[in-house]
Amino acid sequence: MMDGGIHQNKSYEITYREDGVYLTVYPPVGLLSKIDENDVLNHVARKGIKGYRANVITDAVKRRDGTPVKIAEAQEEARMDAFVDAYTSDDKMQAFIQVSPPEGGGNAPTFEMIVRALQDKGIVACINEKKIREFVSNPVYNVPVLVAEGIPPENGKNGSLRYLFDMEKDRKPIILEDGTVNYKDLNLIENITKDQKLVEIIPPTPGKSGMTVTGAEVKALDGKPAVVPRGRGVYLNPEGTALFAEIDGQLKIVDGKINVFSVYEVPADVDNSTGNIRFIGNVVVRGNVLSGFEIEAGGDIEVNGVVEGARLRAAGNIILKRGMVGGGKGELLAGGDIIAKFVENCKIEVGGDLKAEAVMHCDVKCGNSIILGGRKGFLVGGTARVGKYVEVKFLGNQMFTQTVVEVGFDPHLRERLKFLKAEIVKMEEGLSKANQAIAVLNKIKAATGDLTPEKRELLAKSTRSRFYHENKLMEYKKEMAEIEERLQQGATGKIKVYGSVYPGVRVVIGNAMLYIKEEAKYCTLYSDGADIRFGAL
């Protein structure tokens, strides 16, 4: 009788004949036909073959020529149930069964038999019962079958950072519609405001442990917290979830840390390499500011070199350690004071004081005082409108250069008054048009008894317009009256001349005006009603 179960690998087979028990060992065919002598001997012993000759078995395995050899005398084949061998992978994360077929009419493998074999090897977790039942229904012998898989551990995720600002500014110049290139607006500065959120800190997640097929826990690694890149000028919120700016300033990353600096420093000139500068804090320029470039600062601007025909605008002070040669294009606009060595051929608007050695051919609007001292101390050419006080060594020059000085009125109030007058005219015109439209629509309503939906909407719109223009008129007229009253009371300005005031100078103090026709020295000019008087220092 042939042992049908062995046909699964075809390496050898055992047959029972009338004259004895025979072993046939087949020649090798690839890797699948490998055979070990001990495997054959164990199989023979497990089948209970009596009186087998081991030396004959050994010789047959060596020859492997497919010739049947007699290994025992004739006998009945013993009944042998299917045999289940269970084992795990080295990491205990998988479990396999390999089942030898039943022989001699033995029992096929059962679910209980397989589970018991697994338990005997300590395999008690993550068993795939469905796969075992499928195997029992359709057994495949002498082939490893995966019947259990452990749960792999899931390591936690490391904490991370989410940056809420542009990490890499685009330094490319802007190509305009006409094809030209704007090398000035490079937008290189990352301006930051106080309490602005800079970075969100995403916390790590814990790991999730796994399990082997033997039921042992496989520990997972917890995620590591992100390294918080806190530098100067930033703070961590109490929850530890975000970084915020402590101050207004410039964001810079230094050695991987986020910093906010209140001062933006240009180590050399403001030129094509820097582009225009717009910064929320203070700006310090170690070199010059070339023509055509702009600096706007939320704080102070300080320039160590010369400013050419550029535009400087500061909410605070402007300090020019050398001076400005504006060439008719330069502008200085400061909410605080302007301090300079000299200023020439430019437009100046300053909310506080203008202090320098020389101001030449400039259009000046100064909310407080102009004080010109030092070796030169002269104001010559252009127009200077000053709120309170002028102090100079020389006003005008010996060449009788036309120079205008207006003192006693804040020039910004004059501009505001001019604006209000123009706006009042516009508001009156708008109010007149609204009243006319309302009158016409009311006549139509009186004549017809009703208005079409379009005309009703037009009436509502005209009514809203009337209220708007009436309110604005009242607001503007009230403000204009207040400014005019201040201007009438504000003619208390003075001009102190510690050297000479020359012909060619026109002085306006309050509503009084005086053309200087002769040189005067060491004097104070002040208003006396409708006249301007000279007094002693």
Side-chain angles (χ1 to χ4, degrees), residues 165-193 233 248-254 259-350 354-364:
F165 56 87
D166 188 359
M167 288 283 287
E168 296 181 1
K169 282 276 190 179
D170 187 358
R171 297 174 177 268
K172 296 179 181 179
I174 300 170
I175 300 176
L176 304 178
E177 292 182 357
D178 60 2
T180 59
V181 180
N182 181 357
Y183 289 98
K184 296 177 181 177
D185 293 319
L186 299 181
N187 192 28
L188 302 182
I189 301 173
E190 187 74 36
N191 284 296
I192 299 298
T193 57
D248 292 342
Q250 175 201 12
L251 186 145
K252 292 189 77 172
I253 298 177
V254 180
N259 303 268
V260 177
F261 297 110
S262 61
V263 177
Y264 178 74
E265 183 172 323
V266 181
D269 295 343
V270 174
D271 53 19
N272 284 332
S273 65
T274 64
N276 295 331
I277 295 171
R278 293 178 176 87
F279 183 53
I280 199 169
N282 301 330
V283 176
V284 175
V285 180
R286 299 300 179 192
N288 304 318
V289 182
L290 304 191
S291 291
F293 288 91
E294 298 181 10
I295 301 176
E296 292 188 8
D300 298 339
I301 298 175
E302 182 178 326
V303 182
N304 288 355
V306 174
V307 180
E308 297 178 0
R311 183 176 186 270
L312 276 59
R313 184 185 188 97
N317 305 318
I318 295 177
I319 301 170
L320 310 181
K321 292 188 176 179
R322 293 184 64 183
M324 180 173 193
V325 183
K329 298 179 181 178
E331 291 185 29
L332 298 176
L333 301 97
D337 298 338
I338 294 178
I339 302 171
K341 190 78 172 176
F342 66 89
V343 189
E344 180 181 336
N345 283 305
C346 67
K347 176 183 177 182
I348 301 173
E349 290 190 16
V350 53
L354 171 59
K355 299 178 181 179
E357 286 193 12
V359 175
M360 298 167 284
H361 308 289
C362 294
D363 181 4
V364 181

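Across every non-hydrogen atom of Val283 and Ala297, the tightest pair is CG2-CB, 3.9 Å. In this structure, Ala315 and Gly298 approach most closely via the heavy-atom pair CB-O, 3.2 Å. Here the shortest heavy-atom pairing between Ala334 and Gly316 reads CB-O, 3.6 Å. Across all their heavy atoms, Ser291 and Gly309 have their closest contact at OG-N, 3.1 Å. Between Cys346 and Gly326 the shortest heavy-atom distance is CB-CA, 4.2 Å. What you find for Asn345 and Cys362 is that their closest heavy atoms are N-SG, 3.6 Å.
Here the CD atom belonging to Glu344 is positioned 4.0 Å from the CE atom belonging to Met360, to the nearest 0.5 angstrom. Separation of atoms CD1 (Ile192) and NZ (Lys252) is listed at 13.5 Å; rounding is to 0.5 Å. The OH atom of Tyr264 sits 5.0 Å away from atom CD1 of Ile277, with the distance rounded to the nearest 0.5 Å.
Two residues are said to be in side-chain contact when any heavy atoms from C-beta on lie closer than 4.5 Å; Asn288 and Phe293 fail this criterion. The shortest side-chain heavy-atom distance between Arg311 and Lys347 does not fall under the 4.5 Å cut-off. With contacts defined as side-chain heavy-atom distances shorter than 4.5 Å, the pair Leu320/Phe342 does not qualify. A 4.5 Å side-chain heavy-atom check between Leu312 and Val303 finds at least one atom pair inside the cut-off.
A side chain to side chain contact (heavy atoms under 4.5 Å, CB included) with Val285 holds for exactly one of Val307, Ile295, Thr274, Asn304; it is Ile295. Among Val364, Asp337, Ile318, Ile339, the one residue that satisfies the side chain to side chain contact (heavy atoms under 4.5 Å, CB included) test with Leu354 is Val364.
The main-chain N or O of Gly281 is never found under 3.5 Å from a side-chain atom of Asp248 such that the two would form a donor-acceptor pair. Within the 3.5 Å criterion, the main-chain N or O of Asp300 finds no donor-acceptor partner in the side chain of Asn317. Put simply, the side chain of Asp271 gets close to the backbone of Ser273: a donor and an acceptor are under 3.5 Å apart.
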Discussion item. What verdict does the salt bridge (charged side-chain N to carboxylate O under 4.0 Å, His left out) test give for Glu349 and Arg313, after you've listed the backbone C-alpha separation in whole Å, the side-chain angles of each residue and the deciding distance to 0.1 Å?
Written reply: CA-CA 9 Å; Glu349 290 190 16; Arg313 184 185 188 97; over 6 Å; no

Practice prompt. Before giving the answer on salt bridge (charged side-chain N to carboxylate O under 4.0 Å, His left out), spell out for Glu265 and Arg286 the whole-Å C-alpha distance, their side-chain angles and the decisive distance to 0.1 Å.
Written response: CA-CA 8 Å; Glu265 183 172 323; Arg286 299 300 179 192; 3.2 Å; yes

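Contact check on Lys321 versus Glu302 returns a salt bridge, with a Lys/Arg side-chain nitrogen under 4.0 Å from an Asp/Glu carboxylate oxygen.
Checked against side-chain hydrogen bond (donor to acceptor under 3.5 Å, both in side chains), Lys329 has no partners two or more places apart in sequence or in another chain. With sequence neighbours left out, the side-chain hydrogen bond (donor to acceptor under 3.5 Å, both in side chains) criterion links Arg322 to no other residue.
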